[in-house]
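Lettering of chains follows the sequences in order, A, B, ..., and the numbering in each one begins at 1.
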There are 2 protein chains.
Amino acid sequence: MPKALPVLDTTAPVCCSPMAAGPVDEGAALEIALRLKALADPVRVRLMSLILAEAELGVCTCDLAPAVGVTEATVSHHLKQLRDAGLVEGTRKGTNVYYRPNADGLVALCRVIDPDCC
Amino acid sequence: MPKALPVLDTTAPVCCSPMAAGPVDEGAALEIALRLKALADPVRVRLMSLILAEAELGVCTCDLAPAVGVTEATVSHHLKQLRDAGLVEGTRKGTNVYYRPNADGLVALCRVIDPDCC
DNA sequence: CGCCTGACTCGACGTTCGTCAAGTAATTGC
DNA sequence: GCAATTACTTGACGAACGTCGAGTCAGGCG
C-alpha cells in the first residue's frame with residue numbers, strides 16, 4: 001500500500017477529466033492509478049457487478065464468497081480495497097455486513113478517464 | 001499475461017455498462033480487469049495524459065522518457081501495454097514512433113464502469 | 001454465561017509487476 | 001556498406017499482489 005486513500009478527494013471538483021485536461025503531475029497520477037487499481041482485478045470486477053446488481057438491498061460477504069469462488073478471507077481483502085477506494089460502502093446489521101455501491105466513486109473514476117467529458 | 005487482448009472487442013456493442021448491467025461472468029471480468037490494469041499505474045497514467053495533450057501531433061518515446069523520469073526501455077514496456085489494451089496507437093515515421101490516443105478505447109473503458117450510462 | 005456464526009486480520013506462499021542494463025531491430029545519413 | 005539514432009526485446013532483480021489457512025473480533029441466541 002503505497003499511500004492512504006482519502007476516499008477519492010471529494011474536495012476536488014473532478015468535473016472535467018483530469019487526465020485529458022492536460023499532463024498530470026506525479027501525485028495526481030498516483031491517486032488516479034490507485035483508484036483504477038482498486039478495480040483492476042477480475043475478482044473485484046465481479047464483486048462490484050454483484051454489488052451493483054443488488055444496490056437496493058445490499059449483499060453480505062458470506063453470499064459473495066461462493067458467488068465468486070474464493071475464500072471469505074479473500075473476499076474480505078478485496079472488499080477492503082473497494083471500500084478504501086470509495087467504490088462501495090459496508091454497513092453492519094447484526095452479524096452480517098451488507099455492501100452497497102457508492103455511485104459517486106464510480107462516476108468520478110469514469111470522469112477521470114473520459115477523454116470527451118464536458 | 002493471462003490472456004491475449006483482442007483490442008477491446010470492438011465487435012461487442014458496449015453501450016450500456018456491462019458491469020452495472022448485471023453480474024459479469026468470469027471471462028468478461030478478466031477482460032475488463034485487463035483493460036483497467038493497463039491504466040492502473042502512475043507512469044502509464046502520466047504517459048496517457050501526455051499523449052492526450054498532444055493528440056494532434058503525436059509524441060515519440062524519446063520525448064516521453066525524460067518527461068516521466070524513467071528509462072526508455074521502461075517507457076517502451078508501458079507503451080506496449082497501452083497499445084495492447086487499445087488505448088494508444090503508434091505510427092513509425094523515420095526512426096521515431098509517434099504515439100496518439102485511441103479515443104474509442106478510453107470511451108469504451110469509461111462505459112464499462114459508468115453505473116448510470118444510458 | 002458459553003457458544004456459534006459471520007467478518008476481518010495476520011502470516012506465509014507463489015505469482016505477477018515495474019524497473020533497469022544490456023543487447024537486438026529498424027531506419028536514416030554519410 | 002558503415003555508423004548513428006531511435007525503438008524495442010531480453011533477462012534479472014526486488015517489490016507488490018492475490019490467495020489461503022489459522023487465528024481474532026463482534027453480535028446473536030440458546
Checklist outcome for this item: Checking dC8(C), dC8(D), dT19(C) against the side chain of Val97(B) (C-beta onward), the nearest is dC8(D)
Next on the checklist: Measure CG/Leu36(B) against P/dT16(C) and give the value in whole Å, please.
Outcome noted: 19 Å
Checklist entry - What nucleic acid atoms does Ser76(A) come within less than 4.0 Å of, heavy atoms only: base, sugar-phosphate, or nothing? => result base
Item to check | Any Thr95(B) side-chain nitrogen or oxygen under 4.0 Å from OP1 or OP2 of dT6(D) | outcome: no
Next on the checklist: Of the listed nucleotides (dA7(D), dG21(D), dC20(C)), which one gets closest to any side-chain atom of Thr71(A)?
Outcome noted: dG21(D)
Item to check | 5' priority, DNA chain D, between Thr74(B) and Val43(A) [closest heavy atom] | outcome: Thr74(B)
Item to check | Gln81(B) CD to dT19(C) C1', straight-line distance once rounded to whole Å | outcome: 12 Å
Item to check | Which nucleotide in dG18(D), dG6(C), dA7(D) has an atom nearest any side-chain atom of Cys62(A) | outcome: dG6(C)
Item to check | Protein-nucleotide distance (Leu47(A), atom CG; dA7(C), atom C1'), rounded to Å | outcome: 14 Å
Checklist entry - Quick one: Leu79(B) CG to dT6(D) C1', roughly how many Å, whole number? => result 13 Å
Checklist entry - How close or far is atom P of dT16(C) from atom NZ of Lys37(B), stated in whole angstroms? => result 10 Å
Item to check | Main-chain N/O of Gly86(B) paired with Asn102(B) side-chain donor or acceptor, under 3.5 Å | outcome: yes
Item to check | Heavy-atom donor-acceptor pair, Arg44(B) side chain to Ala38(B) backbone, under 3.5 Å | outcome: yes
Checklist entry - Whole Å only: how far is the NZ atom of Lys80(B) from the P atom of dG18(C)? => result 13 Å
Could you go through residues 47-66 of chain A and list every donor-acceptor pair under 3.5 Å that involves a side-chain atom there, pairing it with any protein atom two or more places apart or in another chain?
unit_1	atom_1	unit_2	atom_2	d
Ser49(A)	OG	Arg46(A)	O	2.8
Ser49(A)	OG	Val24(B)	N	3.2

Next on the checklist: Less than 4.5 Å apart, side chain to side chain, heavy atoms only: is that true for Ile113(B) and Leu39(A)?
Outcome noted: yes
Checklist entry - Is any side-chain N or O of Arg44(B) closer than 4.0 Å to OP1 or OP2 of dT19(C)? => result no
Checklist entry - Reckon Tyr99(A) touches a base, only the sugar-phosphate, or nothing at all at heavy-atom distances under 4.0 Å? => result sugar-phosphate
Checklist entry - dA7(D) C1' sits how many Å from Asn96(B) CG, rounded? => result 9 Å
Item to check | Rounded interatomic separation in angstrom, taking NE2 from His77(B) and P from dT6(D) | outcome: 23 Å
Item to check | Any Arg92(A) side-chain nitrogen or oxygen under 4.0 Å from OP1 or OP2 of dG6(C) | outcome: no
Next on the checklist: Categorize Val70(B) for me: base, sugar-phosphate, or nothing, with a 4.0 angstrom heavy-atom threshold over every strand shown.
Outcome noted: sugar-phosphate
Next on the checklist: As a test of reading the structure: which of dC8(D), dC20(D), dT19(D) is closest to the side chain of Asp41(A), going by heavy atoms?
Outcome noted: dT19(D)
Next on the checklist: The side chain of Thr61(A) is closest to which nucleotide in this list: dG6(C), dT9(D), dC8(C)?
Outcome noted: dC8(C)
Next on the checklist: Does any part of the side chain of Arg100(B), heavy atoms only, come nearer than 4.5 Å to the side chain of Val88(B), both counted from C-beta?
Outcome noted: no
